[in-house]
Amino acid sequence: MSFSALGLSDQIVRAVTARGYTEPTPIQSRAIPVVLSGQDLLAGAQTGTGKTAGFTLPILHLLSNKIVKRSPTGKIPIRALILTPTRELAAQVEESVRMYGRHLPLQSMVIYGGVNINPQINRLRGGVEILVATPGRLLDHVQQGRLDLSKVEILVLDEADRMLDMGFIRDIRRILALLPKERQNLLFSATFSNEIKSFASTLLNQPVLVEVAGQNATADLVTQRIFHVDRDRKRELLTHLIKTHSWYQVLVFTRTKHGADRLVKQLHQDDIVAMAIHGNKSQAARTRALGKFKDGSLQVLVATDIAARGLDISELPHVVNYELPNVPEDYVHRIGRTGRAGSSGEAISLVCVDERKFLSDIEKLIKRSLPQEIITGFEPDPRAKPEPIQVGRQSKHQPRRGGNSDRNYAGKPSSVATPSKLPSKPQKPQLNKSIITKSRNPN
Ligand code: AMP
């Protein structure tokens, strides 16, 4: 199957070929014909599957095939609106729109919060056909009377599950009320909770359902490993892994913004170049860190879940869960940063005694047990007692964890990583020799 066989115009196929794609990914070959036919689409696909081109390419085709007159004021109407949960994702999607649409006379722009609104206002004055936006800033523009969404022909909700998780549902409903009733709707979601299903049923009109990979299935190309380690030796182990393997590009996840900042400082002390990306950083700082990470000048990017959502960093070789997420779905999203669109990657989780319940929740969700290892010199203390974990973010779909409730589960370790399965004393190296070093013995 080729891109032109899907019915895309030559200009689009040329741009895609120049990008180096030879054939469509599964989500692309299934979603593109549906979008081209004008039907509503409900797509189950996570980041890394090529979903962005799955909606961007047919939208470009449809819009460029139908000329629309400028309004009496001479302004081009907004014809496609793409909503994303995060600023980074919005920026990446719009970059894709521009890249795939480079041979077409269509204008696009991105609007998101955290940056000066004035350049966005100026740009909107000229009019754009394709607008990519995060919901909050979009509504700011609407409130100022700068946006007319009454001519939107196609609406995309990208990563809809995360948008609902992040509490955007009311904003989205307000935006939907501004759109014409007659339009095509495309909803992309990595997971299908009941909330997403009921939201989709109110939004979509007889949608075609397209799903790639099982729900919450973790990419087969990603090697996943669990390293058990004491909580206060994680940083040392991370430095050890980075240095012994000369990892040049590693995305590290922490649960909290504060934890991300602290880890960056500690890595600096170990002479490792690192930057953090999280919600308390200015948009400029986030963009700068991401840019450096992408161009290879930043070795380690430390991120929280929300900041990292949807980041497109091609062929990322290593993802480290410095702390396991308390929301198991976040594990799937995190490791989706590696092993993307055909390239293989490695996802390593550093797990201490406090996180065993998180681990068992993750294994339940992905329906498999993950290989567990212990690195020589970093054997966890078998007498260590679990401590409550401060959780950084709460999914609305998850029961509240953290605080005192952690004590409850922590007292009852999961069946996956019970103390009995951990060594009762420092053990001989297990598994991957390339990771094991004889550098130190804690005794
Ligand atoms: P996405 O899931 O849209 O974030 O895309 C994931 C990655 O796959 C991005 O780096 C894209 O550039 C890449 N990609 C998208 N489509 C293809 C394709 N047909 N062939 C190879 N790589 C692709």
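Order of appearance sets the numbers: ligands from 1, and atoms from 1 within every ligand. For the single chain, residues carry numbers from 1 onward in sequence order.
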Notebook entry, point to check: When V252 is tested against each of L238, V319, V264, I348 for side chain to side chain contact (heavy atoms under 4.5 Å, CB included), which residue passes?
Noted result: L238
Check: Can you tell me how far the CD1 atom of I32 sits from the CZ atom of F3, to the nearest 0.5 Å?
Finding: 6.0 Å
Margin query: Looking at K234 and E323, is any side-chain nitrogen of the basic one under 4.0 Å from a carboxylate oxygen of the acidic one?
Written below: no
Note to self: Using a 3.5 Å distance criterion without hydrogens, assess whether the side chain of E355 forms a donor-acceptor pair with backbone atoms of C352.
What the structure shows: yes
Note to self: Does only the side chain of F188 get under 4.0 Å from ligand 1, or the backbone, or both, or neither? Count heavy atoms.
What the structure shows: neither
Check: At a 4.0 Å threshold, what atoms of ligand 1 neighbour a non-hydrogen atom of G50?
Finding: 1 (P), 2 (O), 3 (O), 5 (O), 6 (C), 15 (C)
Check: Any N/O of E23 closer than 3.5 Å to an N/O of ligand 1?
Finding: yes
Check: Would you say Y100 has any N or O atom under 3.5 Å from an N or O of ligand 1, going by distance alone?
Finding: no
Next item on the list: Using non-hydrogen atoms of the residue, decide whether R19 is closer than 4.0 angstrom to ligand 1.
Entry: yes
Check: Which ligand 1 atoms are under 4.0 Å away from a heavy-atom of F3?
Finding: 19 (N)
Item checked: Parallel, tilted or perpendicular, as decided by the 30° and 60° cut-offs, for the rings of H240 and F378 -> tilted
Note to self: Contact between Q92 and T52 at the side-chain level, heavy atoms closer than 4.5 Å - yes or no?
What the structure shows: no
Check: Going by the order shown, which atoms of ligand 1 are within less than 4.0 Å of some heavy atom of T52?
Finding: 1 (P), 3 (O), 4 (O)
